[in-house]
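Please read these numbers as outputs of a predicted model, since none were measured by experiment. Heavy atoms only: backbone and side chains are in, while hydrogens, waters and symmetry mates are out.
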Number of protein chains: 2
Amino acid sequence: MSKKVSLKDIATKVGVSTATVSYVLNGLEKEKRVGVEVAKKIKDAARELNYMPNQIARSLRKGSTNTIGLIVADIANPFFGQLARIVEDEAIKHNYTVIFGSSDEDCVKSEALIDTFVNRQVDGFIIAPSEGCKSQINALINREVPLVLIDRYLPQLNTSYVVLDNFTAVYDAVTHLVEKGHRRIGMVAYENSLIHMSERIRGYKEAMIDHQLEKEIRIKKIAYNLPRQEMEKIIGEMLTHLISDALIFATNALSLAGLYAVKTNQKKVPEELALIGFDGNEAFDFFDSPLTYIKQPLEQMGRESVRILLDEMKGNTENQHIQMASKLITRASCG
Amino acid sequence: MSKKVSLKDIATKVGVSTATVSYVLNGLEKEKRVGVEVAKKIKDAARELNYMPNQIARSLRKGSTNTIGLIVADIANPFFGQLARIVEDEAIKHNYTVIFGSSDEDCVKSEALIDTFVNRQVDGFIIAPSEGCKSQINALINREVPLVLIDRYLPQLNTSYVVLDNFTAVYDAVTHLVEKGHRRIGMVAYENSLIHMSERIRGYKEAMIDHQLEKEIRIKKIAYNLPRQEMEKIIGEMLTHLISDALIFATNALSLAGLYAVKTNQKKVPEELALIGFDGNEAFDFFDSPLTYIKQPLEQMGRESVRILLDEMKGNTENQHIQMASKLITRASCG
DNA sequence: AATTTAAACTTAAACGATTAAGCAACTTGG
DNA sequence: CCAAGTTGCTTAATCGTTTAAGTTTAAATT
């Protein structure tokens, strides 16, 4: 890489000190009383030399990097990909850059990412925390690093967060199925103790109880890191000795695995089995009977999380807790 | 944010200079002949104080940031999301961090991103260049910034790149359709002069000519930034006065828009219309007759691009040009 | 015993910006 | 005409590392 142009080069060329150059290029010429001709010379020289400020040097001096660290489960997962895009756009608007990392819901990876980002002096974090990573997050809190949790939060910790109202989302989904005449409603969830999952399960259970269907409660929990084929197989087995006439899937990936299983097992939807998915996906639209699903307000979630983070970075230490309402997109898969 | 622990804090605590601490913590104790006890004390102190090196300071001093800038069209697009994930993993393995940005195929955004990343002193770029951004890329070349183009390249410029063999990909797709008995084969492409698109179109045209079907050549070009509904409408219009018995879609987004249009217009696939998509998507699997598609070797592309970039960052100035073979996943949509 | 070599550090400059404090050379007010 | 203020800069410290070039003390060699 060729040598870069620094403040000093401009200073030398114009014949002033770097301080003066810095003032002018930061728009402080009035405040710092730099002469009009000198200011013009400096600006001209900067343009001529194609000067670009070294953000690293500036960051070191200022103690802030204008960088946000974003940690999600997997950037390749469209849910997080879309979220990342919204965060990116919002960050750029406020002159921040995003560095990202995928944790794979794995504490070791998550910790490595957090450490890397802390070393790189990010000004704040947006994190979808993984199971069992409480201590890492807590360490951030103790260091007073601005932080917003997203998608899930840790009830034991005092942080800002932006999540879905998962309880109501699933509660309403169950109610919808009941209204459509289904009774033996099952749920397919992840084996995960985090709040987003437990709230979805709680929403399911309470709704079942409230509709006098507690005897029909049946939850299948699947490990997160299984490849899709495995998930599909497990759900497929559920389908062969079918005890449910409706299934709710607790995540997008589970919904997809479920759809593959239903397709493989040639179950008729909704006649034999009604389905409700999570998050939305083009595949939902092309399934024989388009899937009813729980839609998250991604756009707002991304924006709010950045807004709150910026707020915290400005010094606001008050934690903000946001639970957003989902929308049930009702289509043919529930009858 | 609470004050951070610096080398100086450790130095003070142990009673040595920061130089000694730096040597020890960088594993240079042998080479720089630091005493065994002192080294141990330093390591203990570092652990005790939970020292984390300030990457910003290190970067400033070393002149390299261990950061890769990744610019794609849209991180929310699964194609680029998956690519980003692979780049991320590969980068982490080599102790690099990725900062990313989405250009939306827009030169203004792309330039802003490049400038931001240059200011942040990224050590190298992986870029999916947008139409008409040649001068920006050229500026990078002139600055001798390590750079790998991905997905498309600029034939006029001397850069490394990793792309699909788009010509052969589409050529073979046409041949497949011809073998399946289709003759009036059309193509739906983007209005884009970049090489990836022009090569796909050229592959289509040459294949048609080679199969004596030049009279059947029909290409519909659609602007990139249209919302999906618009694309769907345009493709829908094509379908109502149907002059083709087969369609090849030149990208993933176009394939999806096409599927929606086909569904809306209730065309029977493959009887009335055969289809070939690009890139793969779960929706392809749930379409009435699963879609035949051109699959890109994403994993290898991501890895290769990082490998080449690391190579360039190590000082290798030789440009590497990689064209990868696609695979035609044949299914029911072509008869 | 004088000189060289080695061991175990320290000193201080440098990276490229920001910014508080200082200092001439004017202008103004009384 | 002199003190005070204003204008238009400069000086130099600082951020937290890295690293070339010393320095001191002890051990080895001649």
Side-chain angles (χ1 to χ4, degrees), chain A residues 1-43 45-46 49-67 118-123, chain B residues 1-43 45-46 49-67 118-123:
Chain A
M1 271 203 271
S2 62
K3 251 299 266 332
K4 290 187 179 152
V5 178
S6 73
L7 274 191
K8 204 175 193 172
D9 297 322
I10 299 178
T12 309
K13 179 165 174 141
V14 178
V16 294
S17 70
T18 61
T20 308
V21 179
S22 174
Y23 291 140
V24 170
L25 297 183
N26 285 300
L28 301 176
E29 32 178 320
K30 294 272 144 63
E31 195 179 327
K32 297 289 173 178
R33 303 173 309 230
V34 178
V36 182
E37 316 105 83
V38 171
K40 183 170 167 11
K41 270 195 199 166
I42 289 173
K43 286 178 189 166
L49 297 175
N50 191 26
Y51 170 72
M52 311 194 84
N54 183 325
Q55 270 295 339
I56 297 292
R58 171 181 278 169
S59 295
L60 178 60
R61 171 63 222 232
K62 296 248 240 182
S64 71
T65 53
N66 273 41
T67 305
V118 166
N119 292 355
R120 281 165 189 270
Q121 319 294 119
V122 298
D123 294 336
Chain B
M1 271 204 273
S2 63
K3 250 298 265 330
K4 287 184 181 153
V5 178
S6 74
L7 275 190
K8 206 176 192 172
D9 297 320
I10 299 179
T12 309
K13 179 165 174 143
V14 178
V16 295
S17 70
T18 60
T20 308
V21 178
S22 174
Y23 290 139
V24 170
L25 297 183
N26 284 301
L28 300 175
E29 33 177 319
K30 293 273 144 62
E31 196 179 328
K32 296 291 173 179
R33 304 174 305 233
V34 178
V36 183
E37 316 104 81
V38 171
K40 184 171 165 14
K41 271 195 199 167
I42 289 173
K43 285 178 190 166
L49 297 176
N50 190 26
Y51 170 71
M52 310 194 85
N54 183 325
Q55 271 293 340
I56 297 293
R58 170 180 280 169
S59 296
L60 178 59
R61 170 64 220 230
K62 297 248 244 182
S64 71
T65 53
N66 273 40
T67 305
V118 166
N119 292 354
R120 281 166 191 270
Q121 318 294 121
V122 299
D123 294 336

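In this structure the side chain of B/M52 never reaches within 4.5 angstrom of the side chain of B/V5, judged on heavy atoms. Looking at heavy atoms from C-beta onward, B/K41 lies out of side-chain contact with B/V24 at the 4.5 angstrom threshold. Within the 4.5 Å cutoff, the side chain of A/L25 has heavy atoms near those of the A/L7 side chain. Looking only at side-chain heavy atoms (C-beta outward), A/T67 and A/Q121 stay at 4.5 Å or farther from each other.
Rounding to whole angstrom units, CG of residue A/N119 and P of D/dG16 are separated by 14 Å. A straight line from CE of A/M52 to P of C/dA17 spans 12 Å, rounded to a whole angstrom. Between the CD atom of B/Q121 and the P atom of C/dG16 there is a distance of 8 Å, given to the nearest Å. The nearest whole Å value for the distance from the CD1 atom in A/I42 to the C1' atom in D/dC9 is 10 Å. Atom pair A/K62:NZ and C/dA17:P shows a separation of 13 Å (rounding to whole Å applied). Rounded to whole Å, atom P of C/dA17 lies 10 Å from atom CG of A/N26. If you take NZ of B/K41 and P of C/dA8, they are 14 Å apart, rounded to a whole angstrom. As a whole-Å value, the separation of A/L25 CG from C/dT18 P is 8 Å.
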CA sep, side-chain torsions, deciding dist, call: B/R120, A/N66, side-chain contact (heavy atoms from CB on, under 4.5 Å): CA-CA 10 Å; B/R120 281 166 191 270; A/N66 273 41; 3.6 Å; yes

Set out, in order, the CA-CA distance, both residues' side-chain angles and the distance that settles side-chain contact (heavy atoms from CB on, under 4.5 Å) for A/N54 and B/N119, then state yes or no. CA-CA 5 Å; A/N54 183 325; B/N119 292 354; over 6 Å; no

Starting from the C-alpha separation in whole Å, work towards a yes-or-no answer on side-chain contact (heavy atoms from CB on, under 4.5 Å) for A/V21 and A/V14. CA-CA 9 Å; A/V21 179; A/V14 178; 5.8 Å; no

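Phosphate contact (OP1/OP2 of C/dC15, side-chain N/O of A/N54, threshold under 4.0 Å): absent. Considering only side-chain N and O atoms, A/S22 lies under 4.0 angstrom from the phosphate OP1 or OP2 of C/dT18.
For a distance-only test at 3.5 Å, the side chain of A/R61 qualifies as a donor-acceptor partner of the base of D/dT14.
Ion pair A/E29/A/K43 flagged as a salt bridge, since at least one NZ, NE, NH1 or NH2 atom sits closer than 4.0 Å to an Asp/Glu carboxylate oxygen.
Applying a 4.0 Å cut-off to non-hydrogen atoms, the residues of residues 5-18 of chain A that approach DNA chain D are A/G15, A/V16, A/S17, listed by residue number. Near DNA chain D, meaning a heavy atom under 4.0 Å from it, residues 27-34 of chain B has no residue at all.
Comparing C/dG16, D/dT10, D/dA21 against the side chain of A/L60 picks out C/dG16 as the nearest. Minimum atom distance to the side chain of A/Y23 is reached by C/dA21, of the listed C/dA21, C/dT18, D/dT18.
Residue B/Q55 holds its CD atom at 12.0 Å from CG of A/L60, rounded to the nearest 0.5 Å.
Ranked by how close their nearest DNA chain C nucleotide is to the 5' end, B/G35 and B/A57 are led by B/G35.
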